[in-house]
Amino acid sequence: LGGTLGDIISREPNQWEHWENFIFLRFQGILRILILLTIGFSICWPKKMLFIIQQLSIISKRIYDFTKKIYFMISNLLSSRNKENSNPEIQENLEQENIANETEENENKIQNNENLNNSTKKESTIKKPTTENTENWILPNIDILDQSDLSPLSNEEMENTKKLIVSTLKEHGVEVTVGQVKPGPTVTMYGLEPGYGKKPKAKTSFNNKESIENEQISGTRVRVDTILSREKDLALALASPNLRFQAPVPGTSLVGIEVPNNNPSLVNLRTTMETKTFNTFNKHNPLPLSLGIGSNGDPIYCDLTKMPHFLVAGATGSGKSVCINSMICGLLLVRDPSELRMIMIDPKRVELTPYTGIPHLYTAPIVDSAKAVSILKLVIDQMMDRFKTLESLDCKNIATFNEKSPNKLPYLVIIVDELADLMLSAAGEVEKSLVRIAQLGRATGIHLIVATQRPSVDVVTGLIKANFPSR
């Protein structure tokens, strides 16, 4: 500081030659000391200074609003005493302005309190469910799902394909018969039964220089490797580049060939759940999952409690999110919030966010990776609390506890749509939490469904892969 300003600040007030008023000198001295203290305080403790400035702004605004209210009150009193007939529109405008000032003041109070709380505290607990009355939840009707008419192959097409397979293999010296045909939505499986072929027998001349091969019918059966070696010839004859052999078909003594259908059928969730088989499966399993229809045309069901954790992997567009959404919808159709609770983690912010608001969720779908790590740690704490609850009744798992206790524990399913994003943000903490839940969560009814694009070592480590037997 230099010049006249530095000269004034460096000297005492009584040494200022420009002013001779004693009261004014005292006031200037006090103001100078306050300015210097404010500058020093803000340099040493900037956060506290910002907090004080916020509080002073709030107080000053309250004083301004209070003085404004007093001004309007005095003006109304003066107008009433003078018995001046004021326009009713003016009175309404004054009242509306008073109400607007009050609401604005309340909103400012709430906003300031929220800002202070967010700056000093972090969220560390799972929020309560968005819907309180979960006991009166009514299961949705399956009629809300779309219907899909499966159109299997006609008998004529199947007969033509059977004849073509037999004739093609016969041309190459392989005798087979088609013993079983199972049409599916996308492929049809033909079960081939190996026949008895011809064995070559060699005759040599007397001079041992010429060899003439003749075929003679023998009782030797066609080898399975002989059928499998004709894959390219069958693909050429059937005009289908994608053939899959299954030798043998489980439960039979047949060699299966899966031939793609010309017109694949669409399989939706209602097709697999609207069957007597699923109704029976649903009654005897806590967490039934409907996965689709197999190549043999039979629906495929599984129980998440027996899996007990599920890993879904595939490239973009291969159907990971469709698979997860079908499993979620299938569980929501058959289980109420008292039997099942969910925690959804969706770093992509697209797939699982539409489920916001359903009563099965402990909290809204989590899209922040940092928050997801804290949620996984809280799940571990809840898992340990459930172990203590099971020990109180000497129960081994949640199924026996729900049979003995009137207060049943709901199953908890944790769904992670993209594991790679979580591993990029906090690989160590996420891996420890997932492995801990996967190792101990089965007995307490906590299960994981995890999806990722590429199950490489840096994303799905050895510990995680060892604890996810179903993939």
Side-chain angles (χ1 to χ4, degrees), residues 147-205 208-268 271-272 275 277 291-301 314-315 317-319:
Q147 268 187 335
S148 176
D149 296 330
L150 294 178
S151 56
L153 290 177
S154 62
N155 294 328
E156 184 179 357
E157 291 178 348
M158 286 189 288
E159 288 295 330
N160 293 333
T161 307
K162 285 167 59 176
K163 292 178 182 179
L164 190 58
I165 291 173
V166 173
S167 61
T168 303
L169 291 176
K170 190 175 182 179
E171 290 174 357
H172 294 86
V174 181
E175 295 287 339
V176 294
T177 56
V178 179
Q180 189 182 46
V181 179
K182 287 187 176 181
T186 56
V187 296
T188 301
M189 190 182 71
Y190 297 88
L192 305 182
E193 184 178 356
Y196 292 91
K198 297 178 181 180
K199 182 179 179 181
K201 184 178 180 181
K203 289 185 179 181
T204 57
S205 60
N208 295 325
K209 291 182 180 180
E210 296 178 358
S211 177
I212 303 171
E213 293 184 354
N214 298 324
E215 292 184 353
Q216 183 179 357
I217 297 175
S218 170
T220 59
R221 197 168 189 179
V222 175
R223 297 175 60 185
V224 177
D225 294 337
T226 307
I227 301 174
L228 299 179
S229 63
R230 298 300 173 186
E231 179 182 358
K232 300 295 182 182
D233 299 321
L234 282 172
L236 181 63
L238 296 172
S240 176
N242 299 320
L243 293 181
R244 194 173 82 94
F245 283 83
Q246 193 175 12
V249 177
T252 61
S253 58
L254 302 174
V255 178
I257 300 179
E258 292 182 357
V259 181
N261 297 336
N262 294 328
N263 298 316
S265 301
L266 179 64
V267 180
N268 58 11
T271 306
T272 57
T275 58
T277 308
L291 297 182
I293 295 179
S295 59
N296 56 359
D298 297 330
I300 298 174
Y301 308 117
S318 60

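Since the model is a prediction, treat every value here as computed from it, not as a measurement.
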Heavy-atom nearest pair, Pro194 first then Arg221, reads O-NE, 3.0 Å
In this structure, CD of Gln180 is separated from CD of Glu193 (nearest 0.5 Å) by 11.0 Å
What one should report as the nearest heavy-atom pair of Val224 and Ala247 is CG1-CB, 3.9 Å
- Task: Evaluate the side-chain proximity of Tyr190 to Val176: yes if any heavy-atom separation is below 4.5 Å, no if none is.
- Result: no
Nearest heavy-atom approach of Thr271 to Thr275 is O-CG2, 3.8 Å
Taken to the nearest 0.5 Å, the spacing of Ile257 CD1 from Leu228 CG works out to 8.5 Å
Taking C-beta and beyond as the side chain, do Leu169 and Leu192 meet within less than 4.5 Å on heavy atoms? yes
Which donor-acceptor pairs under 3.5 Å do side chains of residues 260-267 form with protein atoms, sequence neighbours excluded?
from   : atom 1 : to     : atom 2 : distance (Å)
Asn261 : OD1    : Thr188 : OG1    : 2.7
Asn261 : ND2    : Gly184 : O      : 3.0
Ser265 : OG     : Ser151 : N      : 3.2
Ser265 : OG     : Ser151 : O      : 3.3
Ser265 : OG     : Ser151 : OG     : 3.3

Between Thr168 and Ala237, the two heavy atoms sitting closest are OG1-CB, 3.4 Å
Between the CD1 atom in Ile227 and the CD atom in Glu175, the distance rounded to the nearest 0.5 Å is 11.0 Å
Result for side-chain contact (heavy atoms from CB on, under 4.5 Å) between Val174 and one of Asp233, Val166, Val222 points to Val222
Taking every heavy atom of Met189 against every heavy atom of Val249, the minimum-distance pair comes out as CE-CG1, 4.0 Å
Residue pairs passing the side-chain hydrogen bond (donor to acceptor under 3.5 Å, both in side chains) test with at least one member in residues 235-260, sequence neighbours excluded, are Arg244-Glu258, Glu258-Ser295
For Lys163, the salt bridge (charged side-chain N to carboxylate O under 4.0 Å, His left out) test, sequence neighbours excluded, returns none
In terms of heavy-atom contacts, Ile293 and Pro185 come closest through CG2-CD, 3.7 Å
